[in-house]
Amino acid sequence: MVKIARVLITGASRGIGAATALAFAEAGYSVVINYNKSEERAKALRDKIESVYKTSCILAQADVSDPDSVREMFSQIGEVDVLVNNAGCSTQRLFTDITDEEWNRTISTDLGGVFYCSRAALPAMIRKKSGVIINISSMWGEVGASCEVHYSAAKAGVIGLTKALAKEVAPSDIRVNCIAPGVIMTDMMQSFDSETLSALTEETPLGRLGTPEDIASAAVFLASDKASFITGQVLGVNGGFVI
Ligand code: NAP
C-alpha cells in the first residue's frame, strides 16, 4: 500500500497558508491545518478539502509564538512528513515607534514559530531519515523594508535558520528550504492603500501582484521528489521584484 504523505501547514486558516493547504490536498497529501484565531475559516477550509479532494484533513489550533502551545499541538497530531512554516504577522511602523510588545510579537511569531515547530517536527523526521521543511520568509528578509524593520529582521532570521538547519539535517536526508514571496494579495496587504498597491505593482517586473496560489505551487514543488537535490535555498517568488 502506498503511504500517503502528511503535511502540516501553520497559519493555514487564511491567505497563503489556506491556498497551500488546498494545493497539498490536490497533490494527494493528508493535510493538517494549523490556525490560531480564525476557527470558522479553518473549519470551512477543512470541509472544502474533504469534499473536493476526498483526502484526510484535520484542524490543529495553536499559537506558534508560544512553545507550550506548539508542543501541545504536536502531541495531538503526531508525526508529519512535510512542515510548512507559514504563520506570520506584520505591522508597518517607523523604527523608533516600534513597541517592545510589537517587536516581541513579530519575532516570536515569524521567527520563533519556525523554531518551535521545526524543533517539534524534527525528531520523527530524523528517526525516519526523511522529511521536508519549507519556511515562508519574505523578500523583505532579503533586502529590508522601510517601516518594517521588525518584520524584515524576523524574516532575515528565517533565511539564516533555513540555511543552517539545512546543513545540520541533510545527513538525515531532510531538506529545508525557504520561499521568499514578493507582494501577495492577502489580508496582510489590507492596510495598504490603492496608490501604494499600484506603485508596488509597477515596481514588479512581471506587472502584477502575486496570488496565494503562486506561493502554494512553489511549496508543493519544494516538497516533491522533483526538488530532491534542493536544500538550504531561498526561492524568490516575487515577479522579479528582487533579482
Ligand atoms: P494573512 O493572510 O494575514 O494570514 C496569516 C495567517 O497566519 C493566518 O492563518 C493566521 O491565523 C496565522 N497566524 C498569525 N499569527 C499566528 C500565530 N501566532 N499562530 C498561528 N497562526 C498564526 O497572511 P499571508 O499574507 O497569508 O502570510 C502568510 C505568510 O507569508 C506569513 O509568514 C507572511 O509573513 C508571509 N509573506 C506574506 C507576503 C504578502 O505579501 N502577503 C509577502 C511575503 C511573505 P489565524 O487567522 O487563525 O489567527
Side-chain angles (χ1 to χ4, degrees), residues 8-23 32-46 59-74 77 83-92 101-102 104-117 120 134-145 148 150-159 161-162 178-192 196-197 200-201 203-204 208-216 218-219 234-239 241-242:
L8 165 65
I9 300 136
T10 67
S13 49
R14 301 183 277 121
I16 291 169
T20 303
L22 285 167
V32 184
I33 292 175
N34 159 255
Y35 67 96
N36 186 24
K37 295 182 179 151
S38 306
E39 186 176 11
E40 288 315 310
R41 291 179 74 164
K43 281 181 175 166
L45 180 64
R46 176 196 57 196
L59 300 183
Q61 193 283 331
D63 176 349
V64 300
S65 70
D66 173 356
D68 290 334
S69 183
V70 169
R71 259 191 286 272
E72 175 62 25
M73 172 171 71
F74 273 86
I77 66 172
L83 168 64
V84 182
N85 284 309
N86 164 78
C89 59
S90 77
T91 48
Q92 286 75 49
E101 192 278 328
E102 219 165 10
N104 289 331
R105 180 159 38 85
T106 308
I107 298 294
S108 64
T109 305
D110 293 17
L111 178 57
V114 177
F115 167 56
Y116 302 136
C117 292
I134 298 162
N135 299 322
I136 307 300
S137 176
S138 164
M139 65 177 176
W140 302 130
E142 300 178 284
V143 298
E148 292 191 64
H150 48 335
Y151 181 73
S152 303
K155 293 299 187 179
V158 170
I159 292 173
L161 185 157
T162 299
C178 196
I179 296 174
V183 184
I184 311 297
M185 284 314 296
T186 66
D187 294 348
M188 199 171 261
M189 299 304 296
Q190 253 173 7
S191 59
F192 290 77
T196 309
L197 290 176
L200 288 166
T201 307
E203 251 187 281
T204 306
R208 69 169 175 89
L209 300 180
T211 65
E213 291 72 25
D214 289 323
I215 308 306
V234 181
L235 177 57
V237 183
N238 58 36
F241 201 111
V242 171

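In what follows, every heavy atom counts, from backbone to side chain, and hydrogens, waters and symmetry copies are set aside. Start at 1 and go down the list; that is how both ligands and their atoms are numbered.
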> Counting only N and O atoms by type, is there a donor-acceptor contact under 3.5 Å from the side chain of S138 to the main-chain atoms of K155?
Replying inline: no
>> With a heavy-atom distance limit of 4.0 Å, tell me whether D66 approaches ligand 1 through its side chain, its backbone, both, or neither.
In response: neither
>> Under the side chain to side chain contact (heavy atoms under 4.5 Å, CB included) test against T162, which residue among I179, N135, V234, I134 passes?
In response: N135
> So, the side chain of N34 versus the backbone of G11: is there a donor-acceptor pair under 3.5 Å, distance only?
Replying inline: yes
> How does M189 reach ligand 1, by side chain, by backbone, by both or by neither, if only non-hydrogen atoms under 4.0 Å count?
Replying inline: side chain
> Among protein heavy atoms, which sits nearest to atom 40 (O) of ligand 1, and what does the distance come to when rounded to 0.1 Å?
Replying inline: I184 N, 2.8 Å
> In the protein, what heavy atom is nearest to atom 34 (O) of ligand 1, and what distance, to one decimal place, separates them?
Replying inline: Y151 OH, 2.6 Å
> Judging by distance only, is a nitrogen or oxygen of D110 under 3.5 angstrom from one on ligand 1?
Replying inline: no
> What about V183: any of its N or O atoms under 3.5 Å from an N or O on ligand 1?
Replying inline: no
>> Residue-level breakdown please: for W140 versus ligand 1, do any non-hydrogen atoms fall below 4.0 Å on the side chain, on the backbone, on both, or on neither?
In response: neither
> Tell me, which protein residue and heavy-atom name are nearest atom 28 (C) of ligand 1, and how many Å apart are they?
Replying inline: N86 OD1, 3.1 Å
> Would you say V64 and ligand 1 have an N/O pair spaced under 3.5 Å apart?
Replying inline: yes
> Among protein heavy atoms, which lies nearest atom 15 (N) of ligand 1, and at what distance?
Replying inline: T109 CG2, 3.7 Å
> Who gets closest to atom 22 (C) of ligand 1 by heavy atom: G210, A87, A42, S13?
Replying inline: A87
> Which residue, H150, R105, E148, forms the side-chain hydrogen bond (donor to acceptor under 3.5 Å, both in side chains) with T91?
Replying inline: H150
>> Quick test: of every protein heavy atom, which one is nearest to atom 24 (P) of ligand 1, and how far off is it to 0.1 Å?
In response: T186 OG1, 3.5 Å
> Non-hydrogen atoms of G182 versus ligand 1: any pair closer than 4.0 Å?
Replying inline: yes
>> Using a 3.5 Å distance criterion without hydrogens, assess whether the side chain of N104 forms a donor-acceptor pair with backbone atoms of E101.
In response: no
> For ligand 1, which part of K155 has a heavy atom less than 4.0 Å away: the side chain, the backbone, both, or neither?
Replying inline: side chain
> For ligand 1, which atoms, with element, lie under 4.0 Å from some heavy atom of N34?
Replying inline: 20 (C), 21 (N)
> Any nitrogen or oxygen of Y35, main chain or side chain, under 3.5 Å from a nitrogen or oxygen of ligand 1?
Replying inline: no
>> A side-chain contact here means heavy atoms from C-beta on lying under 4.5 Å apart; do P181 and N238 qualify?
In response: no
> Which atoms from ligand 1 have a heavy atom of G15 less than 4.0 Å away?
Replying inline: 2 (O), 26 (O)
>> Are I16 and T186 packed together at the side-chain level, in the sense that at least one heavy-atom pair is separated by less than 4.5 angstrom?
In response: yes
>> Keeping N86 on the side-chain end and I136 on the backbone end, is there a donor-acceptor pair under 3.5 Å?
In response: no
> Which atoms of ligand 1 sit under 4.0 Å from any heavy atom of D187?
Replying inline: 2 (O)
>> Whether the side chain of S38 engages the backbone of R41 through a donor-acceptor N/O pair (distance < 3.5 Å, no angle test) should be reported.
In response: no
> Should I16 be counted as touching ligand 1, given the test is an N or O pair under 3.5 Å?
Replying inline: yes
>> Below 3.5 Å, N or O to N or O, backbone or side chain included: is there any such pair between G11 and ligand 1?
In response: yes
> Out of curiosity, is T10 lining ligand 1, as in a heavy atom under 4.0 Å away?
Replying inline: no
> Does S65 offer a backbone N or O that forms a donor-acceptor pair with the side chain of S69 under 3.5 Å?
Replying inline: no
>> Working note: R71 + D66, criterion salt bridge (Lys or Arg N to Asp or Glu O under 4.0 Å); need CA distance, chi angles, decisive distance, verdict.
In response: CA-CA 9 Å; R71 259 191 286 272; D66 173 356; over 6 Å; no
>> Is the shortest side-chain heavy-atom distance between L59 and K43 below 4.5 Å?
In response: yes
>> As an exercise, state the distance from OG1 of T106 to OH of Y151, rounded to the nearest 0.5 Å.
In response: 10.0 Å
>> Using a 4.0 Å cut-off to any heavy atom of D63, which atoms of ligand 1 qualify?
In response: 17 (C), 18 (N), 19 (N)
>> Would S138 count as a polar contact of ligand 1, with the cut-off being nitrogen or oxygen pairs under 3.5 Å?
In response: no
> At a 4.0 Å threshold, what atoms of ligand 1 neighbour a non-hydrogen atom of K37?
Replying inline: 45 (P), 47 (O), 48 (O)
> What protein heavy atom is closest to atom 46 (O) of ligand 1, reported as residue, atom name and distance in Å?
Replying inline: S38 OG, 2.5 Å
> What is the distance from atom OG of S108 to atom OH of Y116, rounded to the nearest 0.5 Å?
Replying inline: 6.5 Å
>> Measuring only between side-chain heavy atoms, which start at C-beta, is L111 closer than 4.5 Å to L161?
In response: yes
> To the nearest 0.1 Å, how far is atom 10 (C) of ligand 1 from its closest protein heavy atom, and which atom is that?
Replying inline: R14 NH2, 3.6 Å
> Taking T10 as the fixed residue, which of V114, T109, N36, N85 is the one that meets the side chain to side chain contact (heavy atoms under 4.5 Å, CB included) rule?
Replying inline: N85
> Which one of S137, G88, S108 has a non-hydrogen atom at the shortest distance from atom 44 (C) of ligand 1?
Replying inline: S137
>> With a 4.0 Å cut-off on heavy atoms, is A62 in contact with ligand 1?
In response: yes
